[in-house]
Amino acid sequence: MADAKPTILVFCCGQLDGGLKKIKEKANIYQASYSKLNAPSELLDDHPSARAIWVIDPDIATSKHKDLSDRVVDYARNGGIVILGGFFSMSIRQPEFDKWMRDAWDLPWRSGQYETTTVVFQSAAVGPRDFWRDGLAAAYTQKGMFLQNVAPSESWYASLTGATSESFVFGPVPIEAQTSIAFGKVGKGWLGWTGDIHNREETAAAVRAMMGLNAREEEDHLQLPQVLYQMILER
């Protein structure tokens with residue numbers, strides 16, 4: 001009997017061990033390290049119909065890996081799913097990210113604030129399939145790099161207008177309303193972003209949703225008691 005599990009490719013600097021257990025339950029994972037010459041490109045050659053590519057480290061955004069970058073962008077434009085996450089947001093320089101978004105992806109997404117705050121699921125967000133919202137948190141606290149210039153339909157989680165920092169260092173200073181998790185159409189495919197430097201379970205659930213690995217469930221996880229939801233909006 002043929003293996004019905006989808007294929008997920010992981011591009012990173014070494015061997016990723018943590019954060020894969022729940023993904024491995026529903027998908028076949030294949031990893032390639034930038035440190036091995038042409039390994040990511042060869043992995044893509046071996047699995048051209050992979051459902052998604054999870055880019056953990058930002059080496060792909062450098063001039064050294066331009067050919068790989070072009071291939072990954074083409075993969076997305078032709079129907080694939082590319083997700084930037086893991087160590088990506090904490091390792092890439094903001095000017096480098098902005099240039100890569102502009103030159104390689106032709107997207108207006110730009111690096112924003114680096115902050116700790118509560119992020120809330122955005123009702124205008126769109127996803128890759130039916131029931132993609134299953135298992136996603138309504139709101140949670142996240143520390144990481146946010147994005148600017150993300151369209152409402154591409155913003156999965158964002159800080160609220162009037163939100164304040166929850167950093168123990170800087171205190172409750174006002175911050176901007178920006179996107180912490182994004183997922184938008186690129187040609188026939190999708191590009192995703194998670195800025196969470198701790199890769200919390202709520203963020204990991206969003207990554208699985210981008211990959212189409214969150215199961216259909218009867219319970220609507222995004223339904224909050226009205227009083228609690230109002231409290232989140234008024235924070």
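- When each of Phe146, Phe121, Trp193 is tested with Tyr157 by the rule ring pair (Phe, Tyr, Trp, His ring centres under 6.0 Å), just one qualifies, namely Phe121.
- Between Trp156 and Trp132, the ring center distance clears the sub-6.0 Å criterion.
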Checklist entry - Can Glu201 and Lys22 be said to form a salt bridge (Lys or Arg N to Asp or Glu O under 4.0 Å), step by step? => result CA-CA 10 Å; Glu201 173 52 32; Lys22 291 186 178 180; 3.4 Å; yes

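- Judged by distance alone, the side chain of Arg51 and the main-chain N or O of Met211 form a donor-acceptor pair under 3.5 Å.
- Judged purely by atom type and a 3.5 angstrom limit, Arg110 uses its side chain to pair as donor or acceptor with the backbone of Leu107.
- A donor-acceptor contact shorter than 3.5 Å links the side chain of Gln178 to the backbone of Gln113.
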Next on the checklist: Please evaluate residues Arg71 and Asp67 with respect to the criterion salt bridge (Lys or Arg N to Asp or Glu O under 4.0 Å), reporting the C-alpha separation (whole Å), side-chain torsions for both, the decisive distance (0.1 Å), and the verdict.
Outcome noted: CA-CA 6 Å; Arg71 288 199 62 190; Asp67 289 344; over 6 Å; no

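- Across all their heavy atoms, Met210 and Pro128 have their closest contact at O-CG, 4.0 Å.
- The main-chain N or O of Gly195 is found under 3.5 Å from a side-chain atom of Ser89 such that the two form a donor-acceptor pair.
- A donor-acceptor contact shorter than 3.5 Å links the side chain of Asp196 to the backbone of His198.
- Here the closest non-hydrogen pair linking Ser35 and Cys13 is OG-O, 3.8 Å.
- Classification of Arg102 and Asp98 as a salt-bridged pair fails, no side-chain N sitting under 4.0 Å from a carboxylate O.
- Aromatic ring centroids of Trp190 and Phe183 lie under 6.0 Å apart.
- For Asp45, the CG atom is densely surrounded, since the number of other residues' heavy atoms within 6.0 Å is greater than 12.
- Between the side chain of Lys26 and the main chain of Leu213, a donor-acceptor pair closer than 3.5 Å is present.
- A donor-acceptor pair under 3.5 Å is formed between the side chain of Lys185 and the backbone N or O of Lys188.
- Across every non-hydrogen atom of Leu43 and Tyr30, the tightest pair is CD2-O, 3.5 Å.
- At distances below 3.5 Å, not a single donor-acceptor pair connects side-chain atoms of Tyr34 with backbone N or O atoms of Pro40.
- Gln148 places a side-chain N or O within donor-acceptor distance of the main-chain N or O of Ser111, the cut-off being under 3.5 Å.
- In this structure a side-chain-to-backbone donor-acceptor pair under 3.5 Å is present from Arg77 to Trp105.
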